[in-house]
Amino acid sequence: MDKPDYFQSALSSFVTEAACGGAVRHLTDIGYTLDQIVDRLDYPAPRAKVQRIMMAYLYESCVLLREEPSEALFAPRTQFVQEQDDYGRRSFRKISVDHEGQNNMTNATDSTAASQWDKAAQMRHILWKESAYDPKRDGKLTELLHRKCEKNGETYSYISCPFGELANDHYSQIEKKEQSGQSNQDGLRAAVEEKLSCLNGRQREYIQGIRWEQPVVYHRLNRRMIEIIGKLYEAGAYEGVCFFVPGREKLTIPAR
């Protein structure tokens, strides 16, 4: 058997990235699903490569996390902002974004290695304030999640997505077929379709366009995910955990 042509594969990935990587990331940012992105690209990129770019960006931008949210999210995020003086001269200033009020602070002070180490030490030990969702006490789940996201900020609010079994896009199917019989794969797809039947077309398309590479992944709790989780919960098809990092809140959502 011939060995894979790694050079050609790498070259093909480089060409795809150069041709449409920016467009894929932009469309992902504004909420397009994988299928919508593929349909809107001028460059005829294979779906698998578009998905790889999209998935890499979702992790890089922390929309998806492979592990539970942690104290690392408390660290100020460095950014560069462009400024213009009265004479039209432009310059860049380095800032860090505070996680609590999302206020901007200059990095001119407290930037020594010792001070940064002290901050890291302070952030290592965080005790989550744990609670469980109670419909009678808390009201409708989607309304509760909206309130908590408004209080804590969407950027620092996450929900567990136990959708490993939903990794049923074409390329994941190929991998699964190598490990199991076709009949088992058909049964998996039937179970997936039943679980997602409560969602509308765009919601199903979004969930199925993500490659859930492990049993549980953590997704930023944006409006789309609040609506998706709300529908799955009402249909008895979801249980999981929410994390609201600034408030150190860990909310368990039990099965209905």
Side-chain angles (χ1 to χ4, degrees), residues 2-67 69 77 154-155 157-180 182 185-186 188-193 195-229 231-232:
D2 295 336
K3 293 183 178 179
D5 192 334
Y6 294 109
F7 174 77
Q8 287 297 330
S9 177
L11 179 61
S12 176
S13 296
F14 173 79
V15 171
T16 301
E17 167 61 35
C20 63
V24 171
R25 286 184 282 274
H26 170 68
L27 294 173
T28 300
D29 258 341
I30 60 177
Y32 279 42
T33 67
L34 174 61
D35 289 339
Q36 287 177 313
I37 294 172
V38 172
D39 290 341
R40 282 161 176 74
L41 293 177
D42 295 329
Y43 180 79
R47 186 176 186 274
K49 291 182 179 178
V50 173
Q51 187 186 47
R52 290 190 194 105
I53 295 172
M54 183 189 81
M55 291 302 302
Y57 183 64
L58 288 174
Y59 283 115
E60 289 168 5
S61 58
C62 292
V63 172
L64 291 179
L65 302 177
R66 292 183 175 88
E67 299 178 350
R77 295 176 289 114
E154 179 184 296
T155 304
S157 302
Y158 286 87
I159 192 162
S160 64
C161 294
F163 299 151
E165 65 183 35
L166 305 188
N168 65 331
D169 62 277
H170 174 69
Y171 301 96
S172 296
Q173 287 180 33
I174 291 175
E175 293 178 358
K176 286 179 180 288
K177 286 177 183 177
E178 293 176 352
Q179 303 171 12
S180 62
Q182 178 64 47
Q185 190 65 24
D186 289 342
L188 174 63
R189 279 200 296 273
V192 165
E193 288 302 321
K195 180 171 285 190
L196 297 183
S197 61
C198 63
L199 304 179
N200 64 37
R202 282 287 177 252
Q203 291 169 336
R204 287 197 304 272
E205 190 176 292
Y206 179 73
I207 292 295
Q208 292 177 310
I210 292 178
R211 189 165 188 173
W212 305 100
E213 58 186 28
Q214 56 194 49
V216 179
V217 174
Y218 302 87
H219 194 292
R220 183 171 291 158
L221 197 53
N222 52 28
R223 289 182 177 273
R224 168 184 270 161
M225 285 307 297
I226 288 176
E227 297 304 320
I228 288 174
I229 294 300
K231 285 188 175 183
L232 290 173

**Request:** Mind checking the CG-OH spacing from Leu64 to Tyr218? Nearest 0.5 Å is all I need.
**Result:** 12.5 Å

**Asked** In Å, rounded to the nearest 0.5 Å, how long is the span from CG of Leu58 to CZ of Arg220?
**Response** 9.5 Å

**Message:** Tell me every residue that passes salt bridge (Lys or Arg N to Asp or Glu O under 4.0 Å) with Glu227, counting only those two or more places apart in sequence or in another chain.
**Reply:** none

**Asked** What pairs with Arg204 under side-chain contact (heavy atoms from CB on, under 4.5 Å), at least two apart in sequence or on another chain?
**Response** Leu196, Leu199, Gln208

**Request:** Establish, yes or no, whether the cationic atom of Arg224 lies under 6.0 Å from the six-membered ring centre of Tyr206 and within 45° of the ring axis.
**Result:** yes

**With sequence neighbours excluded, residues passing side-chain hydrogen bond (donor to acceptor under 3.5 Å, both in side chains) with Thr28** = none

**Complete:** Residue set satisfying side-chain hydrogen bond (donor to acceptor under 3.5 Å, both in side chains) with Gln214, at least two apart, ordered chain then number -> none

**Complete:** Heavy-atom nearest pair, Val50 first then Ala45, reads CG2-CB, 3.6 Å

**Asked** Out of curiosity, Leu232 CG to Ser197 OG, how far, rounded to the nearest 0.5 Å?
**Response** 9.0 Å

**Request:** Among residues two or more places apart or on two chains, list those pairs meeting salt bridge (charged side-chain N to carboxylate O under 4.0 Å, His left out) that have a residue in residues 27-42.
**Result:** Asp35-Arg47

**Prompt:** Quick one: are Arg66 and Glu213 in side-chain contact, heavy atoms under 4.5 Å?
**Reply:** yes

**Fill in**
side-chain contact (heavy atoms from CB on, under 4.5 Å) filter on Glu67, not counting sequence neighbours, yields none

**Message:** Just verifying a value: how many Å separate Ser160 OG and Leu221 CG, rounded to the nearest 0.5 Å?
**Reply:** 10.0 Å

**Rounded distance (nearest 0.5 Å) linking atom CD1 of Ile226 with atom CD1 of Ile229** = 10.0 Å

**Message:** Using 0.5 Å steps for rounding, measure from the CG atom of Leu34 to the CE atom of Met54.
**Reply:** 5.0 Å

**Message:** Using the side-chain hydrogen bond (donor to acceptor under 3.5 Å, both in side chains) criterion, which residues pair with Tyr32? Sequence neighbours excluded.
**Reply:** none

**Message:** My understanding is that only residues two or more places apart in sequence, or in another chain, count here; which of them pass side-chain contact (heavy atoms from CB on, under 4.5 Å) with Cys161?
**Reply:** Ile159, Phe163, Trp212, His219, Met225

**Item:** Arg25: salt bridge (Lys or Arg N to Asp or Glu O under 4.0 Å) partners, not counting sequence neighbours
**Value:** Glu17

**Request:** Tell me, with the steps shown, if Val217 and Tyr59 meet side-chain contact (heavy atoms from CB on, under 4.5 Å).
**Result:** CA-CA 10 Å; Val217 174; Tyr59 283 115; 4.0 Å; yes

**Complete:** Across all chains, not counting sequence neighbours, the side-chain contact (heavy atoms from CB on, under 4.5 Å) partners of Arg202 are Gln36, Asn200, Glu205

**Fill in**
Sequence neighbours excluded, the answer for ring pair (Phe, Tyr, Trp, His ring centres under 6.0 Å) partners of Tyr57 is none

**Prompt:** For the residue pair Leu41 and Ala23, what are the closest heavy atoms and their distance?
**Reply:** CD2-CB, 3.9 Å

